Number of protein chains: 2
Amino acid sequence: MSFLQDIVDILLQYVVKSFDRTTKVIDFHYPNELLQEYNWELADQPQTLEEILLNCRTTLKYAIKTGHPRYFNQLSTGLDMVGLAADWLTSAANTNMFTYEIAPVFVLLEYVTLRKMREMVGWPGGCGDGIFSPGGAISNMYAMLIARFKMFPEVKEKGMAAIPRLVAFTSEHSHFSVKKGAAALGIGTDIKMPNTHSDLAKCLSAFLQGFVPFLVSATAGTTVYGAFDPLIAIADICKKYKIWMHVDGAWGGGLLMSRKHKWKLNGVERANSVTWNPHKMMGVPLQCSALLVREEGLMQSCNQMHASYLFQQDKHYDLSYDTGDKALQCGRHVDVFKLWLMWRAKGTTGFEAQIDKCLELAEYLYNKIKNREGYEMVFDGKPQHTNVCFWYIPPSLRSMEDNEERMSRLMKVAPVIKARMMEYGTTMVSYQPLGDKVNFFRMVISNPAATHQDIDFLIDEIERLGQDL
Amino acid sequence: MSFLQDIVDILLQYVVKSFDRTTKVIDFHYPNELLQEYNWELADQPQTLEEILLNCRTTLKYAIKTGHPRYFNQLSTGLDMVGLAADWLTSAANTNMFTYEIAPVFVLLEYVTLRKMREMVGWPGGCGDGIFSPGGAISNMYAMLIARFKMFPEVKEKGMAAIPRLVAFTSEHSHFSVKKGAAALGIGTDIKMPNTHSDLAKCLSAFLQGFVPFLVSATAGTTVYGAFDPLIAIADICKKYKIWMHVDGAWGGGLLMSRKHKWKLNGVERANSVTWNPHKMMGVPLQCSALLVREEGLMQSCNQMHASYLFQQDKHYDLSYDTGDKALQCGRHVDVFKLWLMWRAKGTTGFEAQIDKCLELAEYLYNKIKNREGYEMVFDGKPQHTNVCFWYIPPSLRSMEDNEERMSRLMKVAPVIKARMMEYGTTMVSYQPLGDKVNFFRMVISNPAATHQDIDFLIDEIERLGQDL
């Protein structure tokens, strides 16, 4: 117990430092350096508890401070104290979600929480089904799996050979997990995606020859631009063609908590399934991803295998609480408790305030740079989510013509600035190319600890690190 | 911070009580009672931190003490202090495994730990590849996915329609996740399994008409009996027919740590892939499951989608450490640190001692009951793993003929005893029917805190609770 308290003391110090702007976000080392910096190898003989504590300190020394107010690198940032406490409790309870028998409270909390999330999606009385899955990619794969089963239940036993060739639709800005899921499920990825959703209806009728369209995966909050697909229009098309409508709201789902911003998801209530990752915009510790399904019972029929060693039918309690056979996983980590406890601590209004604040900060950034010298925005208009995508144009490129040479020089700007940021350890922000657009910064804000001053710092830092390029 | 310390105090008390034999394993309530016992609902308004602490206390009051020395209900039991500390550190670090950029230390530790596990499997120099996945079911699904891709790489783009009908082989005692995986991957589950592995070769030649056998999933430690498939014989067959050999060692893999017991996995070094769940026999907190793959690079080609927002090709460090594109998941929880830290604290020899002890306890139980009045063993001979499967025959059935009435009465014995155990909260052990065998107890031991006295207690408790049946 004194060992656990020693670890806690180390962790509390780390947590305090995570929020301290004078601390580095990262103490960067190249992989081969870091491998040599310390002896990480596993051996036959045990180490002492003192050495174990040193291992922990060393690990934290080189870890990224993902709770730092200047860490903007991913969609999941921040470190919520109640969420952290809940995760610690989850570890101490060390159980598995497959049956009520071994996770009574957590199974009930999953039930309560998923129902509440479905209510927020707009399904009457929170009706439907769902599960917490290990991340948005798996949630999206579940949606495809269930949609396929709904249309062709024989696929479960007979495989793809027994059913027509299927095709799923999604936009080119959708998350790559839709393709990963299609590959895994044996559907294949070799399908041209409609470039805009207005092409969707056209594509659908064209594809009717030889292929059966079975799912449209619309995106609520794309990964790079934070854009929202027109869900109402897509719902109309899906209704007309009787196709499963999935909404990947892994990133944008959090906006359902905000009275000001939830209109961006109008139409989500007409979806058959929704992915929503509270570990992104709601700041719940990793991982916490929900798949919500409108039709009750479908997940169960799709995935159940009736393992008699887990789902005995002669138990003494209500078996509808043995939810494990809905899942592809057998053992399933308890991901619900951190969301549930944070929701109790903040209330819906607390999540709303936190999300509104992040969107306000994104708008502040957008307004700050849209006309600023040395900046070009990647897409027109105000960001719909907290994604602000922009090029920083170093002075040497500002008066250049827009030709290939400029593009090839601009392409190198963001990676160099990013590398310098990491070496200084002052801040982190993501960049990427997209289609014909060369590397640009994608700023996202999901950490409620960030302030206007941190946005100002980011811009100053980009200029400091990039002006000689 | 004082809030976090308050939570820690609650958790430390809980941990201490988990090991106290005078504490109940479970304070059982039926689902509808538990729903009414407390207000679990989510509301608009926040609760105070005092209320949050109360939520935590209430949650723990009704949680199962999975670390309790008399909790034998699942393959994952026990609560290791170093593992718990490591999980707490993981929560505080709150990052994601997809890139070195945001998880430098954890990516390196995954590399070190997987290589060590592959060494223990027996692949030269720990060569190969692997990943920590969210549980054994997903690890097994990965194996099928990769095996299919290895034989027919075009399946990724073109889907199952472009390749022959596939068939996987596994024994009837294999884990149900093999079927779940086959259903998800579009292969279908409607495949007769060879009842014994000696039938495998026969089945294989028979199936060659119209189907392409692509994978044999052998089991090292079946879920119910703890049996080990004859891996060398299976390896010979797989070699002959050029089929991917997968070993599901989710449960039995831990025995590789034991010089005394690892012979049971002889032949595993000839597998193409191995599932091994340290969260089972090695007592690592949930979840920690590894898939090991012999051929390097295959996971990457099979699953990669080159998302340019994560896996930028112009980063400033060695990109081979950006391992996320190997996975089906995008975000991936850090599951490695608890295993790594426990391994450092125990050494391989510490895991060995812990595993040997659990197997010795199982043998003690077997010897105690094999000739005891009122017990019948479900399978002949000494258990190969810690699974001891037996019927308790209450006095009223002992002199009955072995007819249908006896069977139908015996079927009800284990469920009633189990229900009583849970209501008294004194111990928990699993039961199930299997094939034509009516409900029997499946005792498993993976908690190093258990002792001979706890085994004695279990037997006394079964007799106390079952003698009137």
Side-chain angles (χ1 to χ4, degrees), chain A residues 7-8 11 31 40 42 44-47 52 59 62-64 66 85 87-88 91-95 102 105 112 116 134-135 137 156-161 165 176 183 186-188 190 285 287 305 307-309 314 316-318 321 329-331 333 343-350 415 419 432, chain B residues 7-8 11 30-31 40 42 44-47 52 59 62-64 66 85 87-88 91-95 102 105 112 116 134-135 137 156-161 165 176 183 186-188 190 285 287 305 307-309 314 316 318 321 329-331 333 343-350 415 419 432:
Chain A
I7 289 282
V8 166
L11 294 177
W40 307 99
L42 298 167
D44 287 347
Q45 296 309 316
Q47 292 191 335
I52 292 302
T59 299
Y62 299 112
I64 311 291
T66 58
D87 217 17
W88 286 1
S91 303
N94 192 33
T95 195
I102 67 158
V105 189
V112 165
K116 184 76 181 179
K156 182 176 177 181
E157 285 183 20
K158 307 280 178 194
M160 293 292 278
R165 287 200 68 172
F176 69 91
I187 292 162
D190 190 21
Q287 285 184 339
M305 289 291 164
S308 63
Y309 77 94
D314 44 16
H316 63 306
Y317 59 81
D318 178 352
Y321 290 94
Q329 294 174 275
C330 171
H333 189 260
W343 207 322
R344 298 275 276 198
K346 288 178 199 293
T348 309
T349 53
Q432 69 280 298
Chain B
I7 289 282
V8 166
L11 294 177
Y30 289 92
W40 307 100
L42 298 166
D44 287 348
Q45 296 309 315
Q47 292 191 333
I52 292 302
T59 298
Y62 299 112
I64 310 289
T66 58
D87 216 18
W88 286 2
S91 303
N94 193 33
T95 195
I102 69 159
V105 190
V112 166
K116 183 77 180 176
K156 181 175 176 181
E157 284 183 21
K158 307 280 179 194
M160 294 290 280
R165 286 200 69 175
F176 70 92
I187 292 163
D190 189 21
Q287 281 184 340
M305 289 292 163
S308 62
Y309 77 96
D314 43 16
H316 63 308
D318 177 354
Y321 291 94
Q329 294 174 276
C330 173
H333 189 260
W343 206 323
R344 300 274 276 196
K346 289 178 200 292
T348 309
T349 54
Q432 68 279 299

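What you are looking at is a predicted structure, and each value in this text was computed from that prediction instead of being measured. By convention in this document, chain letters (A, B, ...) are assigned in the order of the sequence lines, proteins followed by strands, and residues within each chain are numbered from 1.
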| Side chain / backbone / both / neither for B:Lys116 at chain A, heavy atoms under 4.5 Å |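 The side chain, not the backbone.
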
| field | Side chain, backbone, both or neither of B:Leu11 within contact of chain A (heavy atoms, under 4.5 Å) | value |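 Side chain only.
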
Pairs of heavy atoms under 4.5 Å with chain A: top-ranked of [options]:
{"options": "B:Gly186, B:Ala92, B:Ala137", "answer": "B:Gly186"}
{"options": "B:Thr95, B:Thr59, B:Ile7", "answer": "B:Thr59"}
{"options": "B:Thr348, B:Leu42, B:Val112, B:Asp87", "answer": "B:Leu42"}
{"options": "B:Tyr321, B:Tyr62, B:Tyr30", "answer": "B:Tyr30"}
{"options": "B:His333, B:Gln45, B:Gln47", "answer": "B:Gln47"}
{"options": "B:Ala93, B:Gly350, B:Gly135", "answer": "B:Ala93"}

| field | Leading residue by heavy atom contact count with chain B [cutoff under 4.5 Å; candidates A:Pro31, A:Ala183, A:Pro285] | value |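 Among A:Pro31, A:Ala183, A:Pro285, the one with the most close pairs to chain B is A:Pro31.
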
| query | Are any side-chain N or O atoms of B:Thr66 and backbone N or O atoms of A:Asn94, one a donor and one an acceptor, separated by less than 3.5 Å? | reply |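 Indeed, once roles are kept as given, a pair shorter than 3.5 Å links the two residues.
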
| Under 3.5 Å: donor-acceptor pair, side chain of B:Ser308, backbone of A:Gln432 |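 No, the answer is negative, given that no donor and acceptor are paired below the 3.5 Å cut-off.
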
Please report the closest heavy-atom contact between [X] and [Y], naming both atoms and the distance.
{"X": "B:Gly331", "Y": "A:Gln287", "result": "O-NE2, 3.0 Å"}
{"X": "B:Pro134", "Y": "B:Gln329", "result": "CD-OE1, 3.1 Å"}
{"X": "A:Ala345", "Y": "B:Pro46", "result": "O-CB, 3.0 Å"}

| query | Quick one: what part of A:Ile64 sits under 4.5 Å from any heavy atom of chain B, side chain, backbone, both or neither? | reply |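 It is both, since atoms from each part get that close.
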
| Counterpart residues, side chain to side chain contact (heavy atoms under 4.5 Å, CB included), relative to B:Ala307 (two or more places apart) |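 If we apply the side chain to side chain contact (heavy atoms under 4.5 Å, CB included) test to B:Ala307, skipping adjacent residues, the hits are A:Phe176, B:Tyr309, B:Phe311.
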
| task | Any chance you could measure A:Arg165, atom CZ, to B:Lys158, atom NZ, to the nearest 0.5 Å? | result |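 Here the interatomic distance stands at 8.0 Å.
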
